[in-house]
Amino acid sequence: MGIRLYNSLTLQLEEFVPSENNTVRMYTCGPTVYSYAHIGNLRTFTFNDILRRWLRARNFVLHDVMNITDVEDKIIRNSMAKGVPMGEYTTQYEKAFIEDCARMRFLPPWRLVRATEHIPEMVAMIETLQAKGLTYETEGSVYYRIGKFPEYGKLSHNDFGGIRAGARVDVDEYDKDDARDFVLWKSRKENEPYWDTPFGKGRPGWHIECSAMATKYLGNTLDIHAGGIDLMFPHHENEIAQSEGCSGQPFARFWLHCEHLLVDSSKMSKSVGNIYTLRELLEMGYAPEAVRYLLASVPYRKKLNFSLDGLKAAATAIDRLRNFALRLDTDKHPEGVNAALEERAAKSLADFDAGMDDDLNTAEALAAVYEYVRETNSAMDAGGFHAGNVESARRVLARFDEVFEVLKTAVAEGGMSDAEIDALVAERSQAKKSKNFSRSDEIRAQLLEMGVVLEDTKDGARWKRKS
RNA sequence: GGCGCCGUAGCCAAGUGGUAAGGCAGCGGUCUGCAAAACCGUUAUUCACCAGUUCGAUCCUGGUCGGCGCCUCCA
């Protein structure tokens, strides 16, 4: 049995197989770069990362594209308010986003593409839609006439039968013939950035960039299209209308949607003041790995209730695994191999994989690791863990970290080198051995101040950097 | 109003028609010059409530209560 994924389009768990050979063609909706990424955005991007990592772990070749939306209403509004050119405004936030992704240990996508660099592709797509009679123009803007796309609503499972055709619903400054119609190209307004096109000066609507860029890099039919659940309607529905209206072929075979993140059981909102950015959390002293772990540990189709207590718990949970890894290296394991533990490790790996294969059930995958770690710790305490079992134990941790990527400590800036620490630890052990406890305690305190925790074990002292 | 999700121990959370994974916290213990760290053990007769189906339901059906989301800003 391979990977099963929940397809929003069919509302079913389906076995995932790419349409062609071993390559997965995947598109994920990226950020609109008008501010710093908050914890809610990061949940979706963490989901993207876990998905990509698991597909790779299952030996698929990834052609995944993520967009950067760098022209959009809020961007224009904010940059104009600041009197900064749009490109300058978006560049700073795009840079911040890339930095955040690195800190979150997201694998870079195969292609990271900017909307503003694909205007000709968008124009071409709109022209095709025009040629097919699927559009109309009002006051210089081009709209999609959804009445001509009967399948509209098939992704969000909305039945639009109740909406009166031809009703004029006033939603913004643009006039539409039907409430479902949406703008493909917006006519230029005073002082706004614009491009010259066959339909006049203006800028793209929000949805067209994804259709144009996904098609350009991945073809007419994607294997997977992923994003936050709030994009399902209207954004993804509109992408389908645009892409399928153009190509006549299914736009994506699998649609994956990541559920919302709540903060202390409530929706994030500025008025409540419960929006955290990654930067804020890091300034508060939380490790990016803890954020990553917390966001990854709840299966992506469940609402995730974020809290600072949960973040602390995540950090402690990571420590447990890091301690186990440290123990593998530093304990003196008797020679030989314990066959039962080899089987135990194999079971853990199989359970981990089974959990991930089951629609990325990270909670179940994690349980497989922790059960193994607990039992193996017990075996070490009892002397039943042998040198020959180290390798399989490392394989379990490696499999886990291939997906979760939290075991490595972020490299501390400055501080002591490993060699310096080793020397101090050795000196303390000597002092301790000769009952010079004041000196040994002094060194212990000194190390702690440098963020190094000493642990006395029956096999001698070992140390680790405080996380 | 329409559509949908959810309600499992102090907190986070998995799961199955056959009697409750895992993590954190708490408590107990091992280790230790002291300590820390680490590790181990332990913590739900019960899965919001009521009724039904069933030999048997947390898991199926109906209802009640509660929380949340979407319905053209939104990851």
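Protein chains get the first letters and strands the later ones, always in sequence-line order, with residue 1 at the start of each. For clarity, every value in this text was computed on a predicted model and none was experimentally measured.
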Between [N] and [M], how far apart are the two [atom1] atoms, rounded to whole Å?
N: rC59(B); M: rC47(B); atom1: P; answer: 9 Å
N: rU43(B); M: rG10(B); atom1: P; answer: 14 Å
N: rG67(B); M: rU8(B); atom1: C1'; answer: 15 Å
N: rC24(B); M: rA37(B); atom1: P; answer: 14 Å
N: rG63(B); M: rA25(B); atom1: P; answer: 42 Å
N: rC49(B); M: rU58(B); atom1: C1'; answer: 13 Å
N: rU53(B); M: rG41(B); atom1: C1'; answer: 42 Å
N: rA13(B); M: rA20(B); atom1: C1'; answer: 13 Å

The side chain of [X] lies closest to which of these nucleotides: [options]?
X: Asp230(A); options: rC74(B), rA14(B), rC24(B); answer: rC74(B)
X: Arg428(A); options: rC34(B), rC5(B), rC39(B); answer: rC34(B)
X: Lys74(A); options: rA13(B), rC34(B), rC73(B); answer: rC73(B)
X: Pro234(A); options: rA75(B), rU72(B), rC40(B); answer: rU72(B)
X: Glu455(A); options: rA25(B), rA37(B), rG15(B); answer: rA37(B)
X: Phe233(A); options: rC24(B), rG22(B), rC71(B); answer: rC71(B)
X: Leu262(A); options: rC68(B), rG33(B), rU72(B); answer: rC68(B)
X: Leu231(A); options: rA38(B), rA75(B), rG33(B); answer: rA75(B)
X: Lys302(A); options: rA75(B), rA38(B), rC6(B); answer: rC6(B)
X: Arg462(A); options: rA38(B), rA14(B), rC24(B); answer: rA38(B)

Taking only N and O in the side chain of [X], is any of them less than 4.0 Å away from OP1 or OP2 of [N]?
X: Arg327(A); N: rC39(B); answer: no
X: Asn361(A); N: rA14(B); answer: no
X: Arg320(A); N: rC40(B); answer: yes
X: Asn48(A); N: rA75(B); answer: no

Paired nucleotide for rC49(B) [Watson-Crick or G-U wobble; both distances under 3.5 Å] |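 Result: rG63(B).
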
Pi stacking test for Phe437(A) and rG33(B): under 5.5 Å apart, planes under 30° =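 Phe437(A) ring centre within cut-off of rG33(B) base, planes near parallel; stacks.
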
Measure the acute angle between the ring planes of [X] and [Y], then classify it against the limits of 30° and 60° as parallel, tilted or perpendicular.
X: Phe404(A); Y: Tyr293(A); result: tilted
X: Trp255(A); Y: Phe251(A); result: tilted
X: Phe106(A); Y: Phe45(A); result: perpendicular

Give one of base, sugar-phosphate or nothing for [X], where a contact means two heavy atoms less than 4.0 Å apart.
X: Leu454(A); value: base
X: Ala367(A); value: base
X: Gly40(A); value: base
X: Lys458(A); value: nothing

Check if the side chain of [X] and the base of [N] share a donor-acceptor pair of N or O atoms closer than 3.5 Å.
X: Asp456(A); N: rA35(B); result: yes
X: Arg444(A); N: rC34(B); result: yes
X: Asp381(A); N: rG41(B); result: no
X: Ser440(A); N: rG33(B); result: yes

Return the value, rounded to whole Å, for the distance between atom [atom1] of [X] and atom [atom2] of [N].
X: His38(A); N: rC74(B); atom1: NE2; atom2: P; result: 12 Å
X: His260(A); N: rG67(B); atom1: NE2; atom2: C1'; result: 15 Å
X: Ile229(A); N: rC68(B); atom1: CD1; atom2: C1'; result: 12 Å
X: Met380(A); N: rC31(B); atom1: CE; atom2: C1'; result: 16 Å
X: Tyr152(A); N: rC71(B); atom1: OH; atom2: C1'; result: 11 Å
X: Glu371(A); N: rG15(B); atom1: CD; atom2: C1'; result: 12 Å
X: Lys312(A); N: rA25(B); atom1: NZ; atom2: P; result: 11 Å
X: Ile146(A); N: rU72(B); atom1: CD1; atom2: C1'; result: 11 Å

Show your reasoning for whether ring-ring contact (aromatic ring centres under 6.0 Å, His included) applies to Phe233(A) and His157(A).
-> CA-CA 10 Å; Phe233(A) 187 86; His157(A) 303 282; over 10 Å; no

Kindly indicate, with the supporting measurements, whether the criterion ring-ring contact (aromatic ring centres under 6.0 Å, His included) is fulfilled by His207(A) and His235(A).
-> CA-CA 6 Å; His207(A) 315 289; His235(A) 183 57; 5.1 Å; yes

Under 3.5 Å: donor-acceptor pair, side chain of Asp70(A), backbone of Thr116(A) |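 Judged by distance alone, yes, a pair lies under 3.5 Å.
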
Ion pair present between Lys302(A) and Glu259(A), side-chain N to carboxylate O less than 4.0 angstrom?
->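 No.
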
Donor-acceptor side-chain pairing of Tyr300(A) and Asp359(A) below 3.5 angstrom =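 Asp359(A) and Tyr300(A) do have a side-chain donor-acceptor pair below 3.5 Å.
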
